[in-house]
Amino acid sequence: MTSPRFLRALTRRCACALAALSVALVANGQDAQEQTLDDVSNELTRAVFRRRPWLAAERGWEEVGLGVGRYGFADRAWWIHTIEDLEDALDDMRHVDLTPEQTARFHALAGATSVERIQHESRSQERWSAESFVRRIQLILGGRISSPPYSPTAQAEVLHVLDELPGYWKSARQSLVSPVEAWTREGMIELDQLEHFLSARRDEFANGFDDEARAEVGVRFDAAIADIAAFREWLEDAPTGIGGSEVRVEARRWEAMVRAATGTEWTTEEIKVRLTRDLARAERDYGPRWRDAGAVVTNGSVFDTNALVSLSMRALELARSVLDLPALDADITLRFEPLETPLCIGNETSGLDGNIETIHLDPSLLLRDDFGTRAALALRYGYPGEAFFRNQARAAEDPFARYLWGVGAAEGFGLYALDWIQRIDAPDNVFRDDRTFAAEAARQRLVEGARLLAALEFHAQGLSTDEVAEGLRRRTGLDLERALQEAHNVVSDPLLGVGYLVWAELRLFEDALGEEEDAHGAIGRTLRATLSTTGLRPVDRKLLSARAQ
């Protein structure tokens with residue numbers, strides 16, 4: 001007869017075995033979910049850079065070649081199938097138990113796939129913007145043949161892209177079913193500039209090859225230049241779109257795209273209320289100072305850029321001493337340059353050339369040559385702002401981090417640098433009580449907020465480009481010509497200014513942490529959390545922090 005003691009011991013052993021099995025099954029399940037998240041992250045990043053190789057060029061992504069042959073009319077089917085497959089993989093995870101870290105990654109990836117789907121469905125640039133097709137080639141080629149010496153990798157990439165240009169321009173002809181007249185004109189101007197750029201560097205680039213290959217390289221350059229001229233000739237005769245420049249994402253899609261990109265829960269109406277209030281407050285506090293007469297900076301006479309690097313490093317040293325920031329890659333050196341050539345694309349683009357981070361300065365922000373303007377540019381785009389974020393994103397194990405900083409993450413982090421540095425209570429903080437810096441930091445946030453409000457009013461509320469331009473001029477003080485250019489940028493990029501919402505979410509994250517620690521502790525923890533998880537949106541970090549407690 002079995003004794004009660006034996007039965008109790010057997011029961012305990014069975015319970016322990018079942019518990020161990022349960023733990024093992026959960027661990028195996030978590031490992032499987034982690035693998036799925038890794039697979040989605042890797043595939044999405046590779047697919048995005050394969051689909052848009054100019055982004056790979058801008059962000060130093062080397063896993064896919066920089067040819068443009070895959071960006072073709074027929075590749076749209078491959079692209080939407082890729083998105084659908086990634087969405088299916090994520091949908092299978094919606095009802096399983098995930099760790100806090102997995103939950104945060106899941107939401108970030110789901111948001112990214114939503115952004116890609118909405119952008120694909122709207123296809124605004126593919127349908128309407130000839131200029132965007134040209135700028136993509138400028139992005140890829142500009143940094144690789146601007147000046148010698150040319151690395152073997154750069155030589156191979158340049159020739160590969162040149163060889164694929166006939167197919168790329170063919171795809172552009174098939175895609176531009178209703179091109180906008182203004183973007184067609186800009187496209188022709190930039191084609192002229194691109195043709196001149198290649199012609200001027202043809203011989204210099206060919207001299208980097210041996211005698212046998214030099215003539216062949218020249219022939220390939222000539223063929224590419226002829227292809228550019230042929231595409232320009234086609235644009236001259238192409239009928240422009242029936243809608244002028246009034247081409248919209250539309251309200252529902254715009255709100256969904258912004259919420260997916262940033263993770264914010266605010267609706268379009270709530271975003272507009274927030275922006276209108278913030279812009280009015282900034283105008284009340286700093287408007288008179290912005291309009292004071294000053295030494296206006298022109299794009300061709302930017303102040304000493306070495307001063308920007310010096311101020312940037314000084315701010316980083318302060319942040320390290322007070323906030324315990326992680327170390328920056330010692331091999332990265334900053335170089336600030338004015339946005340003065342057609343091959344410096346966008347408002348505030350950057351690129352990594354060897355160990356040099358080149359930052360092209362936004363002409364809308366070059367107000368005057370004073371400490372405030374220099375400090376704001378230095379902190380926002382350099383150390384400890386966008387350059388720090390991009391440096392951490394490039395080094396991250398998750399390749400998705402490299403993708404994410406193209407949809408507002410880096411811009412928001414840069415705006416946050418203008419914010420927290422003024423709140424560091426330290427004797428050597430020269431930025432804390434400087435009124436010119438406070439005013440310029442507010443103005444730079446105002447410009448981004450005004451861009452976002454312009455995107456909202458155009459895509460979600462139906463304002464015309466002229467009305468959007470007038471709103472931008474009134475809110476920012478930009479001249480009418482620049483305001484019109486900004487309005488056109490809003491049409492082609494519905495997410496313009498979205499970094500403002502990322503900055504706002506970072507402040508909310510910091511405020512939540514401030515309930516547990518002092519002000520410096522909350523700022524430092526916000527910065528460290530952001531730099532250690534560059535593949536997450538601020539709301540995902542907030543979710544991770546809440547679930548981990």
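Residue numbers count from 1 along this sequence.
Cation-pi check for Arg136 over Phe133 is met; the charged atom lies under 6.0 angstrom from the ring centroid and within 45 degrees of its normal. Figure legend: Arg445 and Trp503 shown as a cation-pi pair, the cationic atom lying under 6.0 angstrom from the six-membered ring centre and within 45 degrees of its axis.
With contacts defined as side-chain heavy-atom distances shorter than 4.5 Å, the pair Arg451/Val447 qualifies. Within the 4.5 Å cutoff, the side chain of Glu457 has heavy atoms near those of the Lys272 side chain.
Minimum heavy-atom separation, Ala260 to Val115: CB-CG2, 3.8 Å. For the pair Ala460 and Trp254, the tightest heavy-atom approach, listed with the atom from each and the gap, is CB-CE3, 4.1 Å.
Using modelled atom types, one side-chain atom of Arg248 and one backbone atom of Phe458 make a donor-acceptor pair closer than 3.5 Å. Within the 3.5 Å criterion, the main-chain N or O of Arg537 finds a donor-acceptor partner in the side chain of Asp540. The closest donor-acceptor contact from the side chain of Ser532 to the backbone of Ala529 lies under 3.5 Å. Not a single donor-acceptor pair under 3.5 Å links the side chain of Thr534 to the backbone N or O of Leu531. Within the 3.5 Å criterion, the main-chain N or O of Gly535 finds no donor-acceptor partner in the side chain of Thr533. Under a 3.5 Å cut-off, the side chain of His107 and the backbone N or O of Leu536 do not form any donor-acceptor pair.
Rounded to the nearest 0.5 Å, atoms NZ (Lys542) and CG (Asp511) are 9.0 Å apart. Here CD of Gln155 is found 11.5 Å from CD1 of Ile145. Values are rounded to the nearest 0.5 Å.
Remark: aromatic rings of Phe388 and Tyr383 are distant, center separation not under 6.0 Å.
Ring-plane geometry between Phe431 and Phe371 is classed as parallel, the angle between the planes falling under 30 degrees on a 0 to 90 degree scale with a further cut at 60.
Side-chain atoms of Glu116 and Tyr403 include a donor-acceptor pair closer than 3.5 Å. Side-chain contact annotation: Tyr500 with Glu411, donor-acceptor N/O pair under 3.5 Å absent. Asp398 and Ser41 are linked by a side-chain donor-acceptor pair at a separation below 3.5 angstrom, with hydrogens and angles left out of the test.
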